[in-house]
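If you read the sequence from its start, that first residue is 1, and numbering goes on from there. Counting starts at 1 for both ligands and their atoms, following the listed order.
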Amino acid sequence: MQDAGMEELLAQARAAAERSYSPYSGFRVGAALRLTSGETVTGTNVENVSYGLTICAERTALVRAIAQFGPAIRVAAVAVANRNEAASPPCGACRQMLAEFVLPEAPVAFPTTDGIVTMPFHELLPQAFAMRRK
Ligand code: THU
């Protein structure tokens, strides 16, 4: 995806982070997925008083995309943002969930302590366990 496309996707992730429900951690995360169809789907983290039930922004976006467009979707690009001026690469659980639907070459952009980093998904989760054909 072009840089301008990633900038737009990051802006949508930042907007999604505004809608975070994170009263326990105070960490407001947003994610935006660009599908191969051209559609964009966003998500935010939703916490729970039973802390382990919390769902991350990336998985919220992914399950939303499948609920909306069906299981044949493929994710062509991913952007993650937060409202805490902190690093937030996708956690391990989100990487594994994304692996089921993301193209290996899909760019993934996320904040680090050195600014926004973009890398192909296969570098973020090398040797991913997957049974589904990409
Ligand atoms: N969080 C995400 O939304 N995405 C990640 O990849 C890492 C963590 C959320 C979960 C929780 O609500 C908060 O950040 C603190 O862990």
Side-chain angles (χ1 to χ4, degrees):
M1 175 171 294
Q2 307 282 349
D3 279 359
M6 285 311 281
E7 279 303 317
E8 171 58 25
L9 208 56
L10 280 162
Q12 296 202 49
R14 276 192 289 271
E18 282 292 322
R19 300 187 284 274
S20 170
Y21 177 70
S22 43
Y24 306 106
S25 74
F27 198 58
R28 298 191 296 156
V29 188
L33 310 179
R34 176 72 38 82
L35 308 183
T36 53
S37 63
E39 303 278 358
T40 302
V41 183
T42 62
T44 190
N45 55 326
V46 180
E47 298 188 343
N48 189 270
V49 64
S50 179
Y51 299 164
L53 299 181
T54 291
I55 184 166
C56 295
E58 298 89 328
R59 278 177 289 147
T60 302
L62 186 67
V63 297
R64 201 177 164 203
I66 295 151
Q68 208 171 338
F69 297 109
I73 61 153
R74 288 293 179 277
V75 177
V78 179
V80 181
N82 68 74
R83 291 280 168 180
N84 299 63
E85 313 297 335
S88 62
C91 79
C94 289
R95 294 179 200 200
Q96 182 61 38
M97 283 286 286
L98 284 166
E100 193 92 5
F101 294 96
V102 75
L103 301 176
E105 293 298 333
V108 183
F110 54 88
T112 73
T113 50
D114 296 325
I116 304 290
V117 163
T118 304
M119 61 175 61
F121 182 81
H122 67 81
E123 284 183 22
L124 207 56
L125 187 61
Q127 303 296 333
F129 176 59
M131 292 181 168
R132 199 169 186 236
R133 278 193 57 205
K134 292 298 185 310

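Note: an N/O pair closer than 3.5 Å links Cys91 and ligand 1 by distance alone.
Put simply, the side chain of Gln12 never gets that close to the backbone of Ala32: no donor and acceptor are under 3.5 Å apart. Under the 3.5 Å distance criterion, the side-chain polar atoms of Thr54 are matched with a main-chain donor or acceptor of Tyr51. A donor-acceptor contact shorter than 3.5 Å links the side chain of Glu47 to the backbone of Ser25. Side-chain atoms of Asn45 come within 3.5 Å of backbone N or O of Phe27 as a donor-acceptor pair.
The closest protein non-hydrogen atom to atom 8 (C) of ligand 1 is Cys56 SG, 3.9 Å. In terms of protein heavy atoms, atom 3 (O) of ligand 1 is closest to Ala57 N, 2.9 Å. Nearest protein heavy-atom neighbour of atom 9 (C) of ligand 1: Asn45 ND2, 3.6 Å. Taking atom 14 (O) of ligand 1 as the reference point, the nearest protein heavy-atom neighbour is Phe27 CD2, 3.4 Å.
Two residues are said to be in side-chain contact when any heavy atoms from C-beta on lie closer than 4.5 Å; Arg19 and Thr42 meet this criterion. A 4.5 Å side-chain heavy-atom check between Pro111 and Asn82 finds at least one atom pair inside the cut-off. Pro107 is listed as a side-chain neighbour of Met6, based on a closest heavy-atom distance under 4.5 Å. In this structure the side chain of Pro89 reaches within 4.5 angstrom of the side chain of Arg95, judged on heavy atoms.
Within ligand 1, the atoms closer than 4.0 Å to a non-hydrogen atom of Glu58 are 2 (C), 3 (O), 4 (N), 5 (C), 6 (O), numbered from 1 in the order shown. Residue contact check: Pro90 has heavy atoms under 4.0 Å from atoms 6 (O) of ligand 1. Every atom of ligand 1 with a heavy atom of Glu47 under 4.0 Å away is listed here by number and element: 11 (C), 12 (O), 13 (C). Distances below 4.0 Å separate heavy atoms of Pro89 from the following atoms of ligand 1: 6 (O). Interface atoms of ligand 1 facing Thr54, defined by a heavy-atom separation under 4.0 Å, are 10 (C), 11 (C), 12 (O).
Closest to atom 15 (C) of ligand 1 by heavy atom, among Gly43, Gly92, Ser25, is Ser25.
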